[in-house]
Amino acid sequence: MPELPEVEVVRAGLTPAVTGALIAGVDVIDERALTRHVGGAADFADRLSGRTILGAARRGKFLWLPLAPGDAEHPEALLAHLGMSGQLLLRAPGAPPERHERIRLHLVTRDGPSERDDVPAAPRWSGELDLVFVDQRTFGSLAIDALVTTSDGQPAGWGSECADDPARVPAQARHIARDPLDPAFDDRAFRDLLRRRSSGIKRVLLDQTVLSGVGNIYADEALWAARMHPEQSAASLPTRAVTRLLAEIRAVLHKALAEGGTSFDAQYVNVNGEAGYFAHSLNAYGRTGEPCPRCGGAIVQVRFMNRSSHYCPRCQRLPRPARTHGAVEPGPVR
DNA sequence: GGAATAACCTGGATGC
DNA sequence: TGCATCCAGGTTATTC
């Protein structure tokens, strides 16, 4: 499932390939991939054709490609959210359709392959390439969105310096908090926010208006590393505990980034269709019934917010009497 | 305004 | 073998 590391791997893969590319044509195969776009498929294709991609930027799980030419007062970007199963793939022109292909952009690169010789990871195209949006579960979406000034005036996110004004973020992502790897992330403000939240800490970590980029997998992993029970009240956490949790979140995200992200059932791949390796490094998520790597106790799985939560009940204890309802017996790992 | 929950969606896994 | 059901989870709308 694409969380911060997976989206960042995609962004980093797109940057050398699409920066400066002209959008020569747009095929909308499935309009459900435009749920975030106001105006429908024809409007999407008309407004995108003839524009130039300035680069690739990201905040949390939102990815955007600033566009030119544009009105300096009202710049726009192609916004992408991968949802649960979205993929952005680079393909040679004329490549056969992908399974679950939703949208295909036909690009003409500005400089051709010779200008990208210093970027070994970039595919070598002949000056034309297709950017293909694939999404099995159709929770992902593309849209043309207005770029608006960030609330703090700081750069909008990773890679946002590619735009004329780095401090502009897509309007649909403006409410999204900064991610913990963002240089402008405010640790103190995060601690203050947690003090006002009585919800369980995992619920708060999944709230993208508090902290972005963390989803179910990395929330479970960071809580395991910090030895925190997912249902422990956020407001009850001492400052030292929040500081430790932030450090563990960052460590997990950095490690996942270094390993190319987490791939399950081919639901996440980079722009070249390759899977990441972080699934091999998971300590809690998806390891129901396996021994905890730290204490040997069995990892359990509980239902939580319409999804699963994995933790070690032995070394991630609630500081007060635990609510045990909802726990299921350890079973085989899928 | 905070908190909790359901709905959206599809394909693989599982059970009968 | 075929059909029905469950499950995965990011975001948002709705309800309390």
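Letters A, B, ... mirror the listed sequences (proteins, then strands); counts begin at 1.
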Query raised in the report: Closest heavy-atom contact between A:Ile176 and A:Arg59?
Result: O-NH1, 2.8 Å
Query raised in the report: Do you see a donor-acceptor pair shorter than 3.5 Å between the side chains of A:Arg195 and A:Thr239?
Result: yes
**Report entry** From B:dA3, C:dT11, B:dG12, nucleotide with atom closest to A:Ser198 side chain
**Finding:** B:dA3
**Report entry** Atom pair distance, as rounded to whole Å: CD in A:Gln136 and C1' in B:dG12
**Finding:** 8 Å
Report summary line: Rounded to whole Å, the CZ-C1' distance (A:Arg137 to C:dG10) equals 12 Å
Requested in this report: Give me the one residue out of A:Gln301, A:Arg287, A:His310 that meets side-chain hydrogen bond (donor to acceptor under 3.5 Å, both in side chains) with A:Asp220.
Outcome: A:His310
Query raised in the report: Is A:His175 near enough to C:dT12 that one of its side-chain N or O atoms lies under 4.0 angstrom from OP1 or OP2?
Result: yes
Query raised in the report: Of all the nucleotides listed (B:dG2, B:dG11, C:dT11), which has the minimum atom distance to the side chain of A:His81?
Result: C:dT11
Report summary line: Closest of B:dG11, B:dA4, C:dG10 to the A:Asn216 side chain is C:dG10
Query raised in the report: Choosing from C:dA8, C:dG10, B:dG2, which nucleotide comes nearest the side chain of A:Glu3?
Result: C:dG10
Query raised in the report: Given B:dG2, is OP1 or OP2 found less than 4.0 Å from the side-chain N or O atoms of A:Arg197?
Result: no
Requested in this report: Would you mind reading off the distance between A:Leu79 atom CG and C:dG10 atom C1', rounded to a whole angstrom?
Outcome: 14 Å
Query raised in the report: Centre of A:Trp224's six-membered ring, under 6.0 Å away, within 45 degrees of the axis: is that where NZ or CZ of A:Arg294 sits?
Result: yes
Query raised in the report: Which of these nucleotides, B:dG12, C:dA8, C:dG10, is closest to any side-chain atom of A:Tyr285?
Result: C:dA8
Taking only N/O atoms, report every protein-nucleotides 13-16 of chain C pair under 3.5 Å with atom names and distance.
none

Query raised in the report: Can a side chain N or O of A:Gln301 be found less than 4.0 Å away from OP1 or OP2 on C:dA8?
Result: yes
Requested in this report: Give the rounded distance in Å between these two atoms: CG of A:Leu206 and P of B:dA4.
Outcome: 13 Å
Query raised in the report: Once you round it to whole Å, what is the distance between C1' of B:dA4 and CZ of A:Arg303?
Result: 15 Å
Query - Between C:dT11 (C1') and A:His37 (NE2): distance, integer Å - result: 19 Å
Requested in this report: Would you kindly give the CZ-to-P distance between A:Arg196 and B:dG1, to the nearest whole Å?
Outcome: 13 Å
Requested in this report: List the atom of A:Met228, the atom of A:Gln316, and the distance in Å for their closest heavy-atom pair.
Outcome: O-NE2, 2.8 Å
Query raised in the report: A:Asp43 and A:His37: side-chain donor and acceptor closer than 3.5 Å?
Result: yes
Query raised in the report: Looking only at heavy atoms, what is the nearest atom pair of A:Lys61 and A:Pro2, with distance?
Result: CD-O, 4.1 Å
Report task. Describe, in one word, how the ring planes of A:Phe185 and A:Phe190 are oriented to each other, choosing from parallel (under 30°), tilted (30 to 60°) and perpendicular (over 60°). Result -> tilted
Query raised in the report: Does a nitrogen or oxygen in the side chain of A:Gln208 sit under 4.0 Å from OP1 or OP2 of C:dT11?
Result: yes
Report summary line: Closest of C:dG10, B:dA4, C:dT12 to the A:Arg203 side chain is B:dA4
Report task. Provide, to the nearest angstrom, the distance between the CZ atom belonging to A:Arg307 and the P atom belonging to B:dA4. Result -> 14 Å
**Report entry** Listed nucleotide nearest any side-chain atom of A:Ser199, set C:dA8, B:dC9, B:dA3
**Finding:** B:dA3
Query raised in the report: What nucleotide among C:dT12, C:dG10, B:dG11 has an atom nearest to a side-chain atom of A:Arg36?
Result: C:dT12
